[in-house]
Number of protein chains: 2
Amino acid sequence: MGLTKIDAYSSETLHKAAIFKALGHPARIAILEYISKQTTCICGEIVAELPLSQASISRHLSELKAVGLIKGTIAGTSVCYCLNQESLPLIIQFSNQLHSPTPQTCCP
Amino acid sequence: MGLTKIDAYSSETLHKAAIFKALGHPARIAILEYISKQTTCICGEIVAELPLSQASISRHLSELKAVGLIKGTIAGTSVCYCLNQESLPLIIQFSNQLHSPTPQTCCP
DNA sequence: ATTATTCATCGTAATATTGCGATATATAAA
DNA sequence: TTTATATATCGCAATATTACGATGAATAAT
């Protein structure tokens with residue numbers, strides 16, 4: 001069917017899944033890593049950095065922005081994107097939540 | 001096209017994206033959180049926990065296993081799944097990699 | 001040996017994602 | 001005003017994902 005039963009999950013679960021889904025594409029990973037390498041924000045040099053069309057890059061950027069992983073502000077004729085640092089703790093928290101200090105004895 | 005240009009990215013980038021992609025579905029988030037709540041491993045009670053068919057749960061489990069987020073061993077007629085704790089550092093590392101101690105001045 | 005239980009896989013239908021060219025919009029420059 | 005530049009969005013085609021019933025395979029119980 002290709003249709004996720006979203007009404008079966010808590011909004012918190014859906015939110016986490018949405019964040020990770022946005023991270024689940026190599027182009028978006030590359031974009032985030034590129035942004036994080038710059039000390040200042042970046043605009044559209046990513047088009048030169050990745051072998052994707054401007055339309056595709058813009059799409060990926062809007063997906064990252066939709067889930068709050070990046071912010072973007074218009075700067076003249078270009079757009080300045082930067083990481084939303086506030087979105088990162090959620091990722092770490094999820095990983096910490098999964099982690100158990102007591103090693104499990106099954107599944108060697 | 002629906003076809004990711006995988007040859008354009010490093011294997012490291014592809015690996016990260018694959019992990020996050022596996023995390024990018026609410027059913028798989030719910031499965032991981034359920035497993036992590038148990039002190040011991042679990043088998044197929046997840047089918048009773050989520051409103052998905054056994055076939056669908058099995059599929060999600062195999063996806064999680066394929067990227068190494070969980071392990072599974074046959075235990076008689078059932079299968080014991082548990083978290084692969086070794087897979088968690090990658091998630092934290094990625095988040096730490098993105099994080100910049102110096103606040104960016106753009107994008108208020 | 002037969003039957004029940006548990007889980008994986010196949011096949012199919014529905015929906016989602018990806019990528020791009022073409023086009024629209026908005027600001028800057030001339 | 002006209003033109004150039006930068007980005008967003010639309011519409012399409014190709015591929016991927018999701019979900020499930022049906023079926024298969026393997027062990028356990030009778």
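Chain letters run A, B, ... following the sequence lines, proteins first, then strands; residues in each count from 1.
Under the 4.5 Å side-chain heavy-atom criterion for ILVMFWY residues, no single connected hydrophobic cluster contains both B/Leu32 and B/Ile92. Both B/Val47 and B/Leu50 are assigned to one and the same hydrophobic cluster, defined by single-linkage of ILVMFWY side chains at heavy-atom distances under 4.5 Å. In the hydrophobic clustering of ILVMFWY residues, with side-chain heavy atoms under 4.5 Å counting as a link, A/Leu90 and B/Leu98 come out together.
Classified by interplanar angle (parallel below 30°, tilted 30° to 60°, perpendicular above 60°), the ring pair B/His25/B/His60 is tilted. Ring pair A/Phe20/B/Phe20 is parallel by interplanar angle, where below 30° counts as parallel and above 60° as perpendicular.
Rounded to whole Å, the distance from CG on A/Leu3 to P on D/dA19 is 8 Å. A straight line from CD1 of B/Ile46 to C1' of C/dA8 spans 14 Å, rounded to a whole angstrom. As rounded to whole Å, 11 Å separates atom C1' of C/dA16 from atom NE2 of B/His25. Whole-Å rounding puts the B/Leu50 CG to D/dC20 C1' distance at 15 Å. Regarding B/Ile57, its CD1 atom lies at a distance of 9 Å from the P atom of D/dC20, rounded to whole Å.
Each of A/Arg59 and A/Val79 has a nearest nucleotide on DNA chain D; the 5'-most of these lies closest to A/Val79. Closest-nucleotide positions on DNA chain C for A/Arg28 and B/Cys80 were compared, and the one nearer the 5' end corresponds to B/Cys80. Residues A/Ala55 and A/Gly76 both approach DNA chain C. Their nearest nucleotides, taken by heavy-atom distance, put A/Ala55 toward the 5′ side.
At the heavy-atom level, B/Ser58 lies under 4.0 Å from base atoms of the strands shown. At a threshold of 4.0 angstrom between heavy atoms, the contacts of B/Leu52 are confined to the sugar-phosphate backbone, with no base atom among them.
Phosphate proximity of D/dT17 to B/His60: absent, as no side-chain N or O sits under 4.0 Å from OP1 or OP2. Listed pair A/Ser56 / C/dC20 meets the phosphate criterion, a side-chain N or O lying under 4.0 Å from OP1 or OP2. A close approach under 4.0 Å does occur between a side-chain nitrogen or oxygen of A/Tyr81 and OP1 or OP2 of D/dA8. For D/dA14, the OP1/OP2 oxygens have no side-chain nitrogen or oxygen of B/Lys5 closer than 4.0 Å. For B/Lys21, a side-chain nitrogen or oxygen approaches OP1 or OP2 of D/dT17 to under 4.0 Å.
With hydrogens and angles ignored, no donor-acceptor pair under 3.5 angstrom links the side chain of A/Gln54 to the base of D/dA6. Residue-to-nucleotide contacts include no donor-acceptor pair under 3.5 Å from the side chain of B/Ser78 to the base of C/dT6.
Surrounding CD of B/Gln97 are more than 12 heavy atoms belonging to other residues, nucleotides or ligands, all under 6.0 Å away.
Residues A/Glu33 and B/Lys16 are paired through a salt bridge, judged by an N-O separation under 4.0 Å between the basic side chain and the carboxylate.
Of the residues in residues 63-74 of chain A, those placing a heavy atom less than 4.0 Å from an atom of DNA chain C are A/Glu63, in numerical order.
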